[in-house]
Amino acid sequence: MSHDAATKKYAQNAASAIKDEILQKALNKIQSGLGKATALSYQNLDEGPDLRLAAHDIREKTINNLDVVLTRLAAKIRENGGRVYFARTGEQAVEYCLKIARQHHVKQVVKGKSMVTEEIRLNPAFEARGIEVNETDLGEYIIQLAGEKPSHIIAPAAHKTRQQVGRLFERKLGVPYTEDPPELTRIARKALREKFLTADMGISGCNLACAQTGHITVVSNEGNIRMATTLPKVHVAIMGMERVVPNLEDHDILFRLLSRGAAAQKLGGCVSYIGGPAGPEFPDGPEEFHLVILDNGRSRILADPKFREILCCIRCSACLNVCPVYGKIGGHAYDATYCGPIGAVLTPLMEGMNQAKDLCLGESLCGACQQACSVNIDLPRMLLELRYRLAYGDDQWETQPVSVAEKTIHQAWAFLAGHPALYRAFLRTFALGQKIFPTSRGMITKMPGPGAGWTRSRDIQPLSQTPFRKRFKKLNAKKAHG
Amino acid sequence: MTHATLFIQCIVDGMYPEVGEAMVSLFQRLGITMDYPENQTCCGQPSFNAGYRKEAAKAAKHYIETFEDSETIVCPSGSCVSMVRHHYPELFENEPAWKARAIAVGKRTFELTEYLVDVLHIENTGAYYDGTITYHDSCHLKRYLGVAAQPRTLISQVRGATFVEMKGCDTCCGFGGAFSTKYPDISTAMVREKVKNILDSGADAVVGCDMGCLMNIKGYLTRNTLNVRVMHIAQLLAGKKAGAV
Ligand code: SF4
């Protein structure tokens with residue numbers, strides 16, 4: 001897709017999302033409910049809300065020593081009887097999973113909710129080889145049945161009403177229509193139970209991995225991940241290479257913040273610490289446990305000191321729940337695996353700055369995301385940094401300057417800003433020239449060029465014929481004399 | 001004697017000079033003397049936000065040269081002050097001499113309500129307003145300068161006025177500089193919600209500390225012929241018994 005086409009698509013996606021009343025209601029509900037509750041839950045931390053800042057330091061330190069921490073994690077997992085695979089690309093990760101599936105003659109997979117498997121497009125690859133993949137998180141299950149993509153990192157079906165889900169189940173599962181949430185859950189549960197019992201492979205993501213113990217932690221509120229990771233004989237967990245903590249102490253802090261950021265909970269409903277396959281000492285669990293540690297562009301981010309901070313993210317999704325842009329356009333408009341503020345920074349870094357430029361340009365820089373972030377990531381700083389790279393181009397990132405015309409305008413403005421006499425003359429000329437624009441009750445109602453976007457829905461104040469600079473002397477003298 | 005150097009950002013200078021005037025009459029009432037360096041232009045924020053840092057740095061150097069001899073600089077905009085205080089030093093990462101000058105001038109640049117409450121410890125400005133007011137928190141003022149209590153303190157002391165909080169008082173109004181013209185649908189959806197919250201609050205006037213946001217809010221109000229008064233806090237605080245401003 002050309003870059004202009006991408007911009008057009010983003011704008012169109014956004015516009016239709018804004019018109020979608022059901023979506024608007026759902027977004028409003030998430031933000032006024034979860035967004036507020038999360039802010040409150042930080043206040044109620046034993047250590048106080050500043051724990052977020054301490055957590056940021058922990059994350060930063062880990063990311064700065066990622067090679068060492070990951071080596072330790074891998075060694076420990078192997079020591080516990082698990083297998084570890086470092087995948088440089090998404091394709092490699094998928095290939096590895098397929099290889100294991102082949103070895104075990106897998107016909108059916110059950111999955112725990114995982115954004116990283118969305119990132120590497122695991123499901124279509126499995127399905128293309130005739131392997132049935134079943135999402136087991138209720139929201140993911142709904143999305144899968146509907147043939148859609150998640151619209152929220154934690155609540156993938158946030159955009160669907162229970163009526164829509166009722167009709168979907170009726171159509172796809174052949175059950176009588178109901179819109180009663182407990183009944184809908186019961187239907188899904190029954191359908192999924194059968195899948196759990198027959199699946200021969202479980203695939204999950206990883207919320208946090210701990211290098212000290214060699215375990216991974218997965219959380220769900222439905223208990224489905226626990227079943228998906230223990231019932232089938234093989235379990236493969238896939239983690240982005242940044243999702244590691246060095247020790248249990250750090251794990252505790254981050255895990256508590258993750259639960260609050262994600263769902264304003266003290267702790268997720270069902271938490272599993274998975275420490276490898278079943279053994280004589282611990283008979284529960286799969287026969288084989290694999291951990292895939294995925295790079296897929298993360299090393300490149302790590303190598304750029306200005307963007308490294310984004311690897312501190314623990315994907316809690318708290319930033320989505322407060323972002324006023326996400327709150328209007330929803331997750332699908334971003335047309336990327338990761339949406340909301342985290343997606344606005346991460347997607348251009350993973351998929352190309354030019355290609356995904358609208359995600360970082362189409363934000364108002366209000367700063368609500370950083371305040372909500374469970375680990376206090378300075379997302380606005382990185383949005384600005386992306387814009388900087390886009391403005392001038394960046395060889396390291398294969399980024400082209402985004403607009404010559406725009407650059408020229410800023411150069412001209414900078415020239416004026418440094419030459420006060422010319423600056424004043426320019427404003428004076430503009431104040432006279434603006435008379436050609438139509439007005440109503442003293443406000444300009446229609447502007448051409450870049451101003452057209454504004455005047456489509458808003459009036460604009462014309463420039464005054466007597467700017468403040470011309471008024472000050474007289475005003476200031478008034479008082480002095482009397 | 002208390003003295004302030006005025007930095008009147010471009011949109012107040014050009015579009016809303018009455019806000020600057022209100023600030024002058026407020027300062028006169030409070031016994032603050034003023035000067036206004038004629039050479040001031042734009043702080044460079046539009047270029048910085050769009051990514052054009054070399055251009056923003058030129059504007060920044062001009063600002064520094066214009067204001068570095070002033071002891072206390074006061075500006076009726078949180079986002080311009082945030083630009084000077086927080087982003088100027090970033091612009092000069094490779095120019096240590098300029099960076100030091102930027103930091104020094106940034107420390108002496110204050111937003112209006114921050115200056116009144118934190119620096120001068122003034123809470124009651126002797127203002128009068130007959131009506132119900134709600135307050136919009138501008139993003140950069142609240143989140144980057146940490147200024148949210150100061151304007152409320154000042155408003156609460158205005159005689160005759162009733163203050164009501166609106167829902168989502170600190171949710172972005174959708175201005176965001178070039179964002180508002182580049183992504184008009186999103187920006188409009190945001191200001192629509194802001195205006196709804198203003199109307200729902202029952203206030204007859206919305207007060208803010210940044211004309212960027214207020215220009216957006218007002219533009220939407222007038223387009224839809226909605227009758228809510230939009231006031232910069234300087235205008236409210238300058239108001240006297242006969243009515244505001
Ligand atoms: S950026 Fe922060 S708030 Fe957003 S998903 Fe990541 S950790 Fe959570």
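Letters go in sequence order (proteins before strands), and every chain restarts at 1. Hydrogens, waters and symmetry mates play no part in the numbers below; they use all other heavy atoms, side chains included.
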Using a 4.5 angstrom heavy-atom cutoff, name the option from Ile444(A), Leu386(A), Leu361(A), Leu390(A) with the most pairs to chain B. Leu361(A)
Honestly, the part of Cys10(B) sitting under 4.5 Å from a heavy atom of chain A is both
Quick one: which of Pro450(A), Ala14(A), Gly362(A), Pro380(A) has the most heavy-atom pairs under 4.5 Å with chain B, could you say? Gly362(A)
I want to check a possible cation-pi pair here: Lys58(B) against Phe415(A), using under 6.0 Å from ring centre and within 45° of the ring axis as the test. no
Is there a side chain to side chain contact (heavy atoms under 4.5 Å, CB included) between Gln40(B) and Tyr423(A) once you walk through the steps? CA-CA 10 Å; Gln40(B) 60 184 280; Tyr423(A) 176 86; over 6 Å; no
Side chains of residues 323-331 of chain A: which donor-acceptor pairs under 3.5 Å do they make with residues two or more places apart or in other chains?
{"residue": "Tyr326(A)", "atom": "OH", "partner": "Ser151(A)", "partner atom": "O", "Å": "2.6"}
{"residue": "Lys328(A)", "atom": "NZ", "partner": "Glu193(B)", "partner atom": "OE1", "Å": "2.3"}

With a 4.5 Å heavy-atom cut-off, do Trp413(A) and Glu55(B) have their side chains touching? no
At a 4.5 Å cut-off on heavy atoms, which part of Tyr63(B) comes close to chain A: side chain, backbone, both, or neither? neither
Test Tyr52(B) against every option in Lys407(A), Glu406(A), Gln411(A) by the side-chain hydrogen bond (donor to acceptor under 3.5 Å, both in side chains) rule and name the one that passes. Glu406(A)
Phe468(A) side chain near Val19(B) side chain, heavy-atom distance below 4.5 Å: no
Note: Pro184(B) and Arg456(A) closest approach over all heavy atoms is CG-NH2, 3.1 Å
Heavy-atom pairs under 4.5 Å with chain B - which of Thr466(A), Thr455(A), Ile409(A) has more of them than the others? Thr455(A)
Less than 4.5 Å apart, side chain to side chain, heavy atoms only: is that true for Ser364(A) and Tyr183(B)? no
Of the listed residues (Phe48(B), Tyr16(B), Phe175(B)), which shares the most heavy-atom pairs with chain A below a 4.5 Å separation? Tyr16(B)
Portion of Ser47(B) that has a non-hydrogen atom of chain A nearer than 4.5 angstrom: both
Min side-chain heavy-atom separation Gln28(B)-Asn476(A) under 4.5 Å: yes
Residue among Thr188(B), Thr33(B), Asn49(B) with most heavy-atom pairs under 4.5 Å to chain A: Asn49(B)
If one checks every heavy atom of Val322(A) against chain B at 4.5 Å, the contacting part turns out to be neither
Verdict with reasoning, Arg143(B) to Cys366(A), per side chain to side chain contact (heavy atoms under 4.5 Å, CB included): CA-CA 8 Å; Arg143(B) 301 203 179 87; Cys366(A) 78; 4.0 Å; yes
Heavy-atom cut-off 4.5 Å, strictly under: side chain, backbone, both or neither for Gln24(A) against chain B? neither
Close side-chain approach of Glu18(B) and Ser464(A), heavy atoms under 4.5 Å: no
Measure across Arg192(B) and Ile18(A) and return the closest heavy-atom pair with its distance rounded to 0.1 Å. NH1-CG2, 4.2 Å
With Asp378(A) via salt bridge (charged side-chain N to carboxylate O under 4.0 Å, His left out) - residues at least two apart: none
Tell me, side chain or backbone of Arg389(A) under 4.5 Å from chain B's heavy atoms, or both, or neither? neither
Have a look at Arg469(A) and tell me which of Asp13(B), Ile8(B), Thr41(B) forms a side-chain contact (heavy atoms from CB on, under 4.5 Å) with it. Asp13(B)
Between Gln371(A) and chain B, with a heavy-atom cut-off of 4.5 Å, which part of the residue counts as in contact: side chain, backbone, both or neither? side chain
Max heavy-atom pairs within cutoff under 4.5 Å with chain A, candidates Ala59(B), Gly174(B), Ala50(B), goes to Ala50(B)
Can you see whether Tyr388(A) has Arg53(B) sitting over its ring - NZ or CZ less than 6.0 Å from the centre and within 45° of the normal? yes
Can you check whether Phe472(A) reaches Leu6(B) side chain to side chain, under 4.5 Å on heavy atoms? yes
Please look at Ser187(B) and chain A and tell me whether the side chain, the backbone, both or neither of the residue comes under 4.5 angstrom of a heavy atom of that chain. both
Any carboxylate oxygen within less than 4.0 angstrom of a Lys/Arg side-chain nitrogen, looking at Glu21(B) and Lys474(A)? no
What part of Asn216(B) is in contact with chain A, defined as an atom under 4.5 angstrom from a non-hydrogen atom: side chain, backbone, both or neither? both
Without swapping roles, check the side chain of Asp185(B) against the backbone of Ala15(A) for a donor-acceptor pair under 3.5 Å. no
Donor on one side chain, acceptor on other, Arg223(B) and Ser440(A), under 3.5 Å: no
Given side chains that start at C-beta, do those of Met15(B) and Ile460(A) come closer than 4.5 Å, heavy atoms only? yes
Give, as side chain, backbone, both or neither, the part of Lys54(B) having an atom under 4.5 angstrom from any heavy atom of chain A. both
Between Ala414(A), Pro462(A), Ser457(A), Gly367(A), which residue shows the highest count of heavy-atom pairs closer than 4.5 Å to chain B? Ser457(A)
Hey, mind stepping through Arg471(A) and Val24(B) against side chain to side chain contact (heavy atoms under 4.5 Å, CB included) and telling me if it holds? CA-CA 10 Å; Arg471(A) 302 183 188 196; Val24(B) 171; over 6 Å; no
Heavy-atom distances under 4.5 Å only: say whether Leu427(A) touches chain B with side chain, backbone, both or neither. side chain
From CA spacing to verdict: side chain to side chain contact (heavy atoms under 4.5 Å, CB included), Thr7(A), Lys182(B): CA-CA 10 Å; Thr7(A) 299; Lys182(B) 273 192 192 166; over 6 Å; no
Count the heavy-atom pairs under 4.5 Å between each of Ala368(A), Ala11(A), Gly451(A), Ala452(A) and chain B, then report the option with the highest count. Ala368(A)
At a heavy-atom separation under 4.5 Å, does Lys36(A) approach chain B through its side chain, its backbone, both, or neither? neither
Beyond-backbone contact of Arg458(A) with Ser180(B), side-chain heavy atoms, under 4.5 angstrom: yes
